[in-house]
Amino acid sequence: MDWEFTEDTAFKSLLKAFKESEESSVMEFLASEGASYYLELMQNAAGEGIDLTDEEVMDEFQEELLEYLENK
């Protein structure tokens with residue numbers, strides 16, 4: 001993926017909210033209180049020309065996002 005999502009304001013807000021939450025599971029966080037941040041990030045990705053309707057691209061995006069959040 002050619003988009004550096006870690007520089008996106010929605011991602012920065014998502015990361016901050018995850019760090020401040022008491023949730024230890026990234027998946028649980030994204031499914032609950034992090035859902036709005038995740039949706040905004042996906043919209044920004046689409047605005048950057050990332051085709052998230054392509055299953056491979058979506059899988060790569062999700063994998064990179066989860067990996068980054070789990071390691072922060």
Side-chain angles (χ1 to χ4, degrees):
M1 186 169 50
D2 294 333
W3 179 52
E4 187 57 47
F5 67 88
T6 59
E7 298 300 317
D8 187 87
T9 56
F11 175 76
K12 290 177 182 180
S13 296
L14 172 68
L15 179 60
K16 181 180 178 188
F18 178 63
K19 286 182 176 183
E20 291 175 352
S21 77
E22 295 187 14
E23 186 63 64
S24 60
S25 166
V26 174
M27 290 298 290
E28 291 291 322
F29 175 76
L30 291 175
S32 59
E33 61 188 282
S36 62
Y37 299 106
Y38 182 61
L39 281 174
E40 184 178 347
L41 185 60
M42 288 176 45
Q43 289 172 339
N44 292 352
E48 291 292 325
I50 307 300
D51 182 10
L52 296 178
T53 62
D54 180 310
E55 189 175 336
E56 280 185 37
V57 174
M58 183 61 163
D59 288 346
E60 180 183 347
F61 173 71
Q62 289 176 333
E63 186 177 310
E64 286 182 30
L65 176 64
L66 291 172
E67 189 174 301
Y68 195 91
L69 289 171
E70 288 171 350
N71 293 316
K72 284 295 171 179

* Could I get the full list of side-chain hydrogen bond (donor to acceptor under 3.5 Å, both in side chains) partners for N71, not counting sequence neighbours? => none
* Partner residues of T6 under the side-chain hydrogen bond (donor to acceptor under 3.5 Å, both in side chains) criterion, sequence neighbours left out -> E4
* Only counting residues at least two apart or in another chain, list the ones meeting side-chain contact (heavy atoms from CB on, under 4.5 Å) with S24. => none
* For L66 and L30, which heavy atoms make the closest approach, and how far apart are they? -> CD2-CD1, 3.7 Å
Side-chain donor-acceptor pairs of residues 12-19 under 3.5 Å, sequence neighbours excluded:
from, atom 1, to, atom 2, distance (Å)
S13, OG, T9, O, 3.1

* From CD (E60) to CG (L52), nearest 0.5 Å -> 10.5 Å
* To do: Given side chain to side chain contact (heavy atoms under 4.5 Å, CB included), test L69 with F11 step by step and report yes or no.
  => CA-CA 10 Å; L69 289 171; F11 175 76; 4.0 Å; yes
Can you give me every donor-acceptor pair (side chain of residues 33-47, partner residue at least two apart or in another chain, under 3.5 Å) with its distance?
from, atom 1, to, atom 2, distance (Å)
Y38, OH, Q62, NE2, 3.0
N44, ND2, D8, OD1, 3.2
N44, ND2, D8, OD2, 2.9

* How about V26 and L65: do any of their side-chain heavy atoms sit closer than 4.5 Å? -> no
